[in-house]
Amino acid sequence: MTSEEFEANYTQTLDTILEALANSSEVKPEKFYSLACVIENLRYFSPVFYGAIKPSEDKPL
(Lines give C-alpha, C1' and ligand atoms only; values in the text may rest on other atoms or scores of the structure.)
Protein backbone atom coordinates (compact mmCIF):
# COMPACT_ATOMS: atom_id res chain seq x y z
CA MET A 1 0.00 0.00 0.00
CA THR A 2 1.39 3.36 -0.97
CA SER A 3 1.32 6.44 1.19
CA GLU A 4 -1.39 7.96 -1.02
CA GLU A 5 -3.57 4.83 -0.76
CA PHE A 6 -3.14 4.78 3.00
CA GLU A 7 -4.03 8.47 3.24
CA ALA A 8 -7.19 7.97 1.15
CA ASN A 9 -8.36 4.92 3.13
CA TYR A 10 -7.48 6.49 6.46
CA THR A 11 -9.29 9.74 5.62
CA GLN A 12 -12.36 7.82 4.45
CA THR A 13 -12.41 5.81 7.68
CA LEU A 14 -12.14 8.92 9.85
CA ASP A 15 -14.90 10.62 7.84
CA THR A 16 -17.13 7.58 8.34
CA ILE A 17 -16.52 7.68 12.10
CA LEU A 18 -17.25 11.40 12.22
CA GLU A 19 -20.46 10.94 10.22
CA ALA A 20 -21.60 8.14 12.53
CA LEU A 21 -20.97 10.34 15.56
CA ALA A 22 -22.87 13.22 13.97
CA ASN A 23 -25.86 10.99 13.24
CA SER A 24 -25.95 9.49 16.72
CA SER A 25 -28.52 10.98 19.05
CA GLU A 26 -26.55 9.63 22.03
CA VAL A 27 -23.59 11.96 21.42
CA LYS A 28 -24.11 15.38 22.98
CA PRO A 29 -22.97 18.41 20.93
CA GLU A 30 -20.14 19.31 23.31
CA LYS A 31 -18.83 15.73 23.21
CA PHE A 32 -19.16 15.72 19.42
CA TYR A 33 -16.97 18.80 19.18
CA SER A 34 -14.28 17.19 21.37
CA LEU A 35 -14.38 13.96 19.39
CA ALA A 36 -14.24 15.85 16.09
CA CYS A 37 -11.09 17.62 17.30
CA VAL A 38 -9.49 14.29 18.19
CA ILE A 39 -10.39 12.86 14.78
CA GLU A 40 -8.89 15.87 13.01
CA ASN A 41 -5.69 15.46 15.03
CA LEU A 42 -5.56 11.79 14.05
CA ARG A 43 -5.87 12.84 10.41
CA TYR A 44 -2.97 15.24 10.82
CA PHE A 45 -0.70 12.44 12.05
CA SER A 46 -1.53 9.97 9.27
CA PRO A 47 1.98 10.17 7.72
CA VAL A 48 3.45 9.22 11.10
CA PHE A 49 1.07 6.26 11.42
CA TYR A 50 1.89 5.14 7.88
CA GLY A 51 5.61 5.26 8.64
CA ALA A 52 5.08 3.28 11.83
CA ILE A 53 3.14 0.43 10.21
CA LYS A 54 4.93 0.30 6.85
CA PRO A 55 7.42 -2.53 6.83
CA SER A 56 10.90 -1.21 6.26
CA GLU A 57 13.09 -2.85 3.64
CA ASP A 58 16.04 -2.46 6.02
CA LYS A 59 14.52 -4.48 8.85
CA PRO A 60 14.68 -8.30 8.67
CA LEU A 61 11.37 -10.06 9.27
Side-chain angles (χ1 to χ4, degrees):
M1 178 182 298
T2 67
S3 175
E4 292 80 18
E5 291 172 329
F6 177 80
E7 179 74 30
N9 289 333
Y10 188 69
T11 299
Q12 181 181 5
T13 301
L14 293 177
D15 287 343
T16 301
I17 293 169
L18 191 60
E19 183 178 347
L21 290 171
N23 291 330
S24 174
S25 62
E26 296 177 12
V27 178
K28 293 183 172 34
E30 53 276 352
K31 280 290 186 186
F32 174 78
Y33 176 75
S34 297
L35 292 170
C37 290
V38 169
I39 289 171
E40 286 302 315
N41 286 331
L42 288 173
R43 185 175 309 200
Y44 177 74
F45 287 105
S46 67
V48 175
F49 297 144
Y50 177 75
I53 63 172
K54 179 182 172 274
S56 174
E57 290 78 27
D58 299 335
K59 289 192 269 185
L61 295 176

- Message: Before you tell me yes or no, could you show the steps for Leu18 and Leu35 under side chain to side chain contact (heavy atoms under 4.5 Å, CB included), namely the whole-Å CA-CA distance, both residues' side-chain angles and the distance that decides it to 0.1 Å?
- Response: CA-CA 8 Å; Leu18 191 60; Leu35 292 170; over 6 Å; no
- Give the C-alpha distance, both sets of side-chain angles, the deciding distance and a yes or no for side chain to side chain contact (heavy atoms under 4.5 Å, CB included) between Asp15 and Gln12. CA-CA 5 Å; Asp15 287 343; Gln12 181 181 5; 5.7 Å; no
- Message: So, taking the atom named OH in Tyr10 and the one named CZ in Phe45, what distance separates them when rounded to the nearest 0.5 Å?
- Response: 10.0 Å
- Which value, rounded to the nearest 0.5 Å, describes the distance between Lys31 atom NZ and Glu26 atom CD? 14.0 Å
- Task: Mind running side chain to side chain contact (heavy atoms under 4.5 Å, CB included) on Leu14 and Glu40 for me, showing each step along the way?
- Result: CA-CA 8 Å; Leu14 293 177; Glu40 286 302 315; over 6 Å; no
- Relative to each other, are the rings of Tyr50 and Phe6 parallel, tilted or perpendicular (30° and 60° limits)? tilted
Does a sphere of radius 6.0 Å around [atom1] in [X] hold more than 12 heavy atoms from other residues, nucleotides or ligands, not counting ones at 6.0 Å or beyond?
X     : atom1 : value
Phe32 : CZ    : yes
Glu19 : CD    : no
Glu30 : CD    : yes

- Task: Determine, using the 4.5 Å side-chain heavy-atom cutoff (strictly less than), whether Tyr33 and Leu42 are members of one ILVMFWY cluster.
- Result: no
- Message: For Ala8, is there any backbone N or O sitting under 3.5 Å from a side-chain donor or acceptor partner on Thr11?
- Response: no
